[in-house]
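Sequence lines set the chain letters: A, B, ... in the order given, protein chains first and strands last, and positions in each chain run from 1. Remember, it's a predicted structure, so these values are computed and weren't measured experimentally. No hydrogens, no waters, no symmetry mates; every other heavy atom, side chains included, goes into these values.
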2 protein chains.
Amino acid sequence: MRTRRQATLASLAAELGVSRTTVSNAYNRPDQLSPELRRRVLETARKLGYPGPDPVARSLRTRKAGAVGLLLTEALSYAFRDPAALGVLEGLALACEDAGVGVQLVPASPGKDNIDAVHRAGVDGFVVYSVPDDDPHLEAVLQRPVPTVIIDQPVVADVDRVGPDDKAAMASLADHLIELGHRDIGVLCMRLSRERRNGFVSRERQEKASYHVQRARLAALAEAFEAVGVDWSTVPVVERFEHTIEDGASAARQLLDAHPHVTALVCTSDILALGALKEAQRRRLQVPADLTITGFDGVPEGERADLTTVRQPVREKGRCAGKLLLDPNRRVGSAAVTPEVITLETELRIGRTSAPPRTAEQRWFGP
Amino acid sequence: MRTRRQATLASLAAELGVSRTTVSNAYNRPDQLSPELRRRVLETARKLGYPGPDPVARSLRTRKAGAVGLLLTEALSYAFRDPAALGVLEGLALACEDAGVGVQLVPASPGKDNIDAVHRAGVDGFVVYSVPDDDPHLEAVLQRPVPTVIIDQPVVADVDRVGPDDKAAMASLADHLIELGHRDIGVLCMRLSRERRNGFVSRERQEKASYHVQRARLAALAEAFEAVGVDWSTVPVVERFEHTIEDGASAARQLLDAHPHVTALVCTSDILALGALKEAQRRRLQVPADLTITGFDGVPEGERADLTTVRQPVREKGRCAGKLLLDPNRRVGSAAVTPEVITLETELRIGRTSAPPRTAEQRWFGP
DNA sequence: GTTCGGAACGTTAACGGTTCAGTAGCCTCG
DNA sequence: CGAGGCTACTGAACCGTTAACGTTCCGAAC
C-alpha cells in the first residue's frame, strides 16, 4: 500500500462502467448525479484505494493551484526569528486561511540564486516581501503570469504594493528627536545591499542602497536633519548585514567607540535598537539620560523595553497583501484591474528611551 | 501584459518551426541541443513573453511538485505565536531550503473541517504536527498517496514518526519532583480534545485525551506519583483549550483557588508554566520557596525565566521530519522502505523554579 | 563503400483531470 | 399528442508538459 498511484479517474470509471465525467462529478458536483450512483462511485473508490482527484492534474485544468507563494530573500529560517517578518507571515497566513488557500514558502536563499524555485512553484500568486530591488528572484516573479503583491518595495508598474510611507514615518521620528534638541546623532541600519558588508556607510552607499525601506528611512533622516543645519556627511551611519540583537549591539559599539559624543542612536529597526540598548547598558550609559535610542517597527520585544519607535502594522501588511491577492473582484484573468498602492498608517510611539540630550554642563557635572 | 497565459511550449515551437521537445530541452537539458538554437529559442521566448514551462503542467508530468505540505490543526496564525510550533516550522523550513523545495502551509482551521485543502494541496509529501489522533485532516493526509512524516503523534503503520519519548521525559521530571519531596501537586495541561473545554479534568478524560503528547505526559505523571503512593484521582488537573500565557495564569488561579495546599504546579508546556509563574507572582507566592512550578519544551522565554523544564529539540523535530521526507534513498515510489520511528533526546533542565516543599512548620513560620 | 556512433532534433504517448455541449429518457402540461 | 423541460449521464476536447524512443545526418573507422 501507499505505493505509486494505482487508481485514476479513468480506471475507476472503467471499473464502474460509467464515464470519467460522472466520476469527476461525484467528487465535484454531487448534484449532477443520482445519490445512489454517487454512493457507488465513492464506495468503489475506497475499495480501489483511489484517493480522489489528483490535485496537480486538477490544477492544470482549472488553472488554480490553491496556494500563494511567499518570496522573501532570507534564509527561510531567519524569517522565523525576525518579529516583523513573522508578523507579515502571520497576517498573510490569516488572509489565506480565510480563503482556504495555502501559503507556500518559496525557498530563495540569498546565497545561491536559485531562481528555479520561483519558476517551479505552483502558486496562484506571489507576495514579495523585503527583497532588494535588484534581486533576480523578484524579477523572476514578475515574469510569471500570476498576480503579485509586493510589500515594502518601491512601486513596480502594474503590480500592487502594500507598505507604510517609510519616509514620512521616519521623518516624524526625526522631528521628535530634533524637537528634543538632538543634533549629534548616529545611525544604525540594516543591510543595504546583497553583498555582505558591515561598518560605516558612505553617503553614496546610503543613497544607492538596494533595500527600499532602508533607503527611504535613511533619506528621511538625512533630509530632516539637514533642514536644521546638520551636515549629514558628518553623521556616522553603521550598517549590519545580519539583523540580530547581537549585531545591533556590535554596531552600537562600533559607532560609539568612534563617536562617543553622539546624543542619540537612531536605529532603522527595533531589533537593532534592542541591541543598542544592550550595548548602552554594558557601557553603563543611562538611557535616555545619557543616550537616546530609537527603533522602528513596534515589535513586542521593543514594546516591553518601552522603546521610542515608529509602530507599523506588520500583521496588517501581510493580511492586506493576501486580501489583495485573493480578491476575485479585483482581477480579470491574472491582471489587476487597477494596480493598487496601499499605504498603511504608522504611529510615532514615544517611550522611555528618548529624552533631551544633556547639555554640556550636565555632561560634566551630572544632572 | 501580465494577462492570461498567451504563449506555450507549443506556440513557441510553432513560431520557431521546431518541436515542442526541443523547446522543452532548451529549458531543461541545454546539452540536448545546439547552443545556437537554444539561444534562438530563449530569445523568441522573451519576445513572445513566454515565461518558461508551466510549473503545474510540469508537475503533472514529472510527478514532482517541489513542495511539502505542513499540516497543523491550529489557526495558522496561532502557529506563529507558539514558540514550540515555530521551532518545528523553522526546522522544517531549514531542511526544505537545503533541498530547494518549498513548504506549503496547509490551511486546516480547527473549526470548519476543511478537508478539501488537504486534497487540493499539490505537494510531494506531508508533515503532520500536533493534531489530535482523531483529526479528519490527518486521515485525509494518510489517504493521499504521498509520503508522510508525523511529529508528536502516536505511531501509525507505515508512516515515519519523529518525536521525543514524552512519557520517559515527563517521568524524569516527575522523579525530580518526587525526590524533592513533593507529594501534593497540581497539573496544568493543554487541550485534551477537539471540543472546547476548560477546567478540571477527570481521570478518564486524561486517559482518553486525543492529543497523544498530553496523554503521554499525564500518564507519566500519574504513573510516577502513584508509584510513591499518591492517589492520582485526588490530584487536580486543569485543562485549557487555548495555549497562551494568560490561559496558563487563569488555569493556575483556578487550580490554586480550589487547592491552595499544593506544593508544586506541573505544567505540560512552558507557556502554561509562564502563566502559572505570573499567577504566583500575583498571589505573592515565592517561587520556588512557596510553590514549585515546572514546564515542558524548553522554549527561550522559559529559559529566560530559568524555568525547571524538559528541553526538547523542537527545531530538530522539524528538521528531522523534513530530512526524512526528502531523502531520496529512503523511498521507492512513495512508500518508505522501512518506516522509521525516530526518538529525539530530551534533557531535564533544573532551573530556579523548583525546590523542596516547605515543611508544615515552615509554612506557618516562614523559612 | 559500408558500418558505426554520436549529436541534434522529432514523434508519440502519456500525466490525470475538468468542462461543455450534447443526448436519451421521462415527466408535465396545454 | 407533441412541445418543452428536467434529470442523469456521456464524448471529446483541452490544460501544458515531459519521457521514452525514433529518426536523420555526418564524419570517422574498418
Practice task
Calculate, to the nearest 0.5 Å, the distance between atoms CD and CZ belonging to B:Glu139 and B:Arg144 respectively.
Solution key: 14.5 Å
Problem - Most 5' of B:Ala57 and B:Gly17 on DNA chain C, judged by nearest nucleotide - result: B:Gly17
Completion exercise
Rounded to the nearest 0.5 Å, the CG atom of A:Leu324 sits from the CD1 atom of A:Ile150 at a distance of 11.0 Å
Exercise for the section: Would you state whether a donor and an acceptor, one from the side chain of A:Ser59 and one from the base of C:dG17, lie under 3.5 Å apart? Expected result: no
Practice task
Let me know the distance between CG of A:Leu33 and P of C:dA24, rounded to the nearest Å.
Solution key: 20 Å
Exercise for the section: State whether the distance check finds a donor on one side and an acceptor on the other, under 3.5 Å, for side chain A:Ser24 versus base C:dT19. Expected result: no
Completion exercise
note: A:Leu12, atom CG; C:dG17, atom C1'; distance rounded to Å ~ 13 Å
Exercise for the section: State whether B:Thr8 places a side-chain N or O below 4.0 Å from either non-bridging phosphate oxygen (OP1 or OP2) of D:dG16. Expected result: no
Problem - A:Leu105 CG to B:Leu105 CG distance, which is reported to the nearest 0.5 Å - result: 6.0 Å
Fill in the blank from the handout: note: A:Arg58, atom CZ; C:dT19, atom C1'; distance rounded to Å ~ 13 Å
Handout entry: Distance, rounded to the nearest Å, where B:Asn25 contributes CG and C:dA8 contributes P
Key = 12 Å
Practice task
Indicate, yes or no, whether a donor-acceptor pair under 3.5 Å links the base of C:dT19 to the side chain of A:Thr21.
Solution key: yes
Practice task
Indicate whether any N or O donor in one side chain lies under 3.5 Å from an N or O acceptor in the other, for A:Ser24 and A:Thr21.
Solution key: no
Exercise for the section: Would you kindly give the CD-to-C1' distance between B:Gln32 and D:dA19, to the nearest whole Å? Expected result: 12 Å
Handout entry: For atom CG of B:Asp54 and atom P of D:dT18, their distance in whole Å
Key = 9 Å
Practice task
May I ask you to evaluate whether B:Arg29 reaches the phosphate of D:dA19, defined as a side-chain N or O under 4.0 Å from OP1 or OP2?
Solution key: yes
Problem - N/O donor-acceptor pair, side chain B:Arg61 with base D:dT17, under 3.5 angstrom - result: no
Handout entry: N/O (side chain, B:Arg63) to phosphate O (OP1/OP2, D:dT18) under 4.0 Å
Key = no
Practice task
Mind checking B:Val56 for me? I need base, sugar-phosphate or nothing, with any heavy atom below 4.0 Å counting as a touch.
Solution key: nothing
Problem - Closest to side chain of B:Thr22, choosing from C:dC9, D:dT17, C:dT18 - result: C:dC9
Problem - Side-chain H-bond candidate by donor/acceptor type, B:Arg38 with B:Asn25, under 3.5 Å - result: no
Practice task
Using the closest heavy atom to pick a nucleotide of DNA chain C for each, name whichever of B:Leu37 or B:Leu60 lands nearer the 5' end.
Solution key: B:Leu37
Exercise for the section: Check whether any side-chain N or O of B:Tyr50 sits under 4.0 Å from OP1 or OP2 of D:dT17, and answer yes or no. Expected result: yes
Handout entry: For atom NZ of A:Lys64 and atom C1' of D:dC15, their distance in whole Å
Key = 14 Å
Handout entry: Pair of N/O donor and acceptor under 3.5 Å linking D:dT17 base with B:Arg20 side chain
Key = yes
Problem - Out of D:dG11, C:dT18, D:dA19, whichever nucleotide has its closest atom nearest the side chain of B:Thr62 - result: D:dA19
Problem - Under-4.0 Å side-chain N/O to phosphate OP1/OP2 contact, B:Ser34 with C:dC9 - result: yes
Problem - CZ on A:Arg191 to OG on A:Ser210, rounded to 0.5 Å - result: 9.5 Å
Practice task
Using whole Å, report how far CZ of B:Arg38 lies from C1' of C:dA7.
Solution key: 17 Å
Exercise for the section: Determine: side-chain N/O of B:Asn28 to OP1/OP2 of D:dT18, distance under 4.0 Å, yes or no. Expected result: yes
